[in-house]
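Notes follow the structure.
Naming: A, B, ... by sequence-line order, numbering from 1 per chain. Quick note: numbers below take in every heavy atom, side chains included, and nothing from hydrogens, waters or symmetry partners.
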There are 2 protein chains.
Amino acid sequence: MSTAASTPAGSLGGSLDAVTKWLTEDEQRAWVAWLGASELLMTSLDAQLQRDAGFPHAYYAILAQLSAAPDRTLRMSDLASVVNASPSRLSHAVGKLEERGWVIRRTCPSDRRGMLATLTDVGFAVLAEQAPGHVAAVRKGLLDPLTDEQVAQLEQICNAILDGLDPSRSRRLLA
Amino acid sequence: MSTAASTPAGSLGGSLDAVTKWLTEDEQRAWVAWLGASELLMTSLDAQLQRDAGFPHAYYAILAQLSAAPDRTLRMSDLASVVNASPSRLSHAVGKLEERGWVIRRTCPSDRRGMLATLTDVGFAVLAEQAPGHVAAVRKGLLDPLTDEQVAQLEQICNAILDGLDPSRSRRLLA
DNA sequence: AGGCTCTTGTTGAGAATTCAAGCAAGGGGC
DNA sequence: GCCCCTTGCTTGAATTCTCAACAAGAGCCT
């Protein structure tokens, strides 16, 4: 076997096939390719940002989502949804961004347990500075190798996967 | 905007468009969908393994690749290639697996700088125990939502991305 | 042999993420 | 009002990953 999801060493398949449905050759290849592509692409994007900007892609996503929101402000829970982060992770990350002066947090007036995160002008400037390089990296790693038709197919495929994993599609909040 | 790669707040596009090629609507949607799907799928697989097995997907991949290798043994550098890990990351991870008694390391006889990692019987048993649940998670998250045609398309798309990022395709070593 | 460089792998420190609590505020039901 | 339960977010510890520096063997050239 060659993938993280295939039967271990192909030896115990016989006894387990009754209860477990292993992957076919086609499925196997698709899964391996997907795993490799998503890992390599994410690490390459992370490396590009870390090198040029000094922060990981997860932080870029936070800045980008805030920049697109009304008043450059988003509630923590909404921000967590759109960047696909756990509350804890977002809290730590925004803490770091606040230390750098790129984001400000204040309590939500209408619901005092909530917090509103706002992108500062400095934060926006940093984002604007890094955006071209990041977009270029996305284009080179993901879009350039694909035909227009494949880009369209990929969107449909990924949306199907998303529907399966997250039926409410909270990531679409800011679509 | 709604994605980590789009122009910040859509305001400074005018001055930068001369040098930077932003994403089209189609590209944007594909990129957002890809990002969401790969992040959600990986976190769901990690969560499943962490819950059922107590270790992350990266460790599962190491065990799986070793189980498929001749003598359940692989050189560290080769193992790093097939699981797509940096030397450092692999060294730390194998160290942890060795502590648990699932892997053994010994120096390579033909090249004394090299190390050979071998999956133990205990390690193999752990892998065999966790494989069905993991395969089921992959199936449910990735394969089930897709048609057979989409699975085939996905393989081609991801291979195209891989060719762009890693032309030598070291991941194919154990294909 | 000597010396130079590249390869292989490890190590330790720092950063990011996860996990499990914990706390404060909202929203009923009584 | 009071109690209970849920929601929203934070905190600290443990885990994993990244980055830079390092050590040691191999390969090569003179």
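In the region residues 45-55 of chain B, proximity to DNA chain D at under 4.0 angstrom, judged on heavy atoms, holds for none of the residues. Residues from residues 90-111 of chain A lying near DNA chain D, meaning a heavy-atom separation below 4.0 Å, are A:S91, A:H92, A:R105 in numerical order.
Sequence neighbours left out, the pairs with a member in residues 82-105 of chain A that pass ring-ring contact (aromatic ring centres under 6.0 Å, His included) are A:F55-A:W102. Under the ring-ring contact (aromatic ring centres under 6.0 Å, His included) criterion, no residue pair touches residues 70-90 of chain B, with sequence neighbours excluded. For the salt bridge (charged side-chain N to carboxylate O under 4.0 Å, His left out) condition, the pairs that include at least one residue of residues 110-128 of chain A, sequence neighbours left out, are A:R72-A:D121, A:R75-A:D111, A:D111-A:R113. Residue pairs meeting the salt bridge (charged side-chain N to carboxylate O under 4.0 Å, His left out) criterion with at least one partner in residues 93-105 of chain A, sequence neighbours excluded, are A:E98-A:R105.
Protein chain B contacts DNA chain C from C:dT7 to C:dC19, reading 5' to 3' and using non-hydrogen atoms of the protein with a distance under 4.0 Å. Protein chain B contacts DNA chain D from D:dT16 to D:dA26, reading 5' to 3' and using non-hydrogen atoms of the protein with a distance under 4.0 Å.
Not a single side-chain hydrogen bond (donor to acceptor under 3.5 Å, both in side chains) links B:T43 to another residue, sequence neighbours left out. Remark: A:S38 pairs with no residue by the side-chain hydrogen bond (donor to acceptor under 3.5 Å, both in side chains) rule, at least two apart or across chains. Applying the side-chain hydrogen bond (donor to acceptor under 3.5 Å, both in side chains) criterion to A:Q153, with sequence neighbours excluded, gives no partner residue. Not counting sequence neighbours, A:D148 has no partner by the side-chain hydrogen bond (donor to acceptor under 3.5 Å, both in side chains) test.
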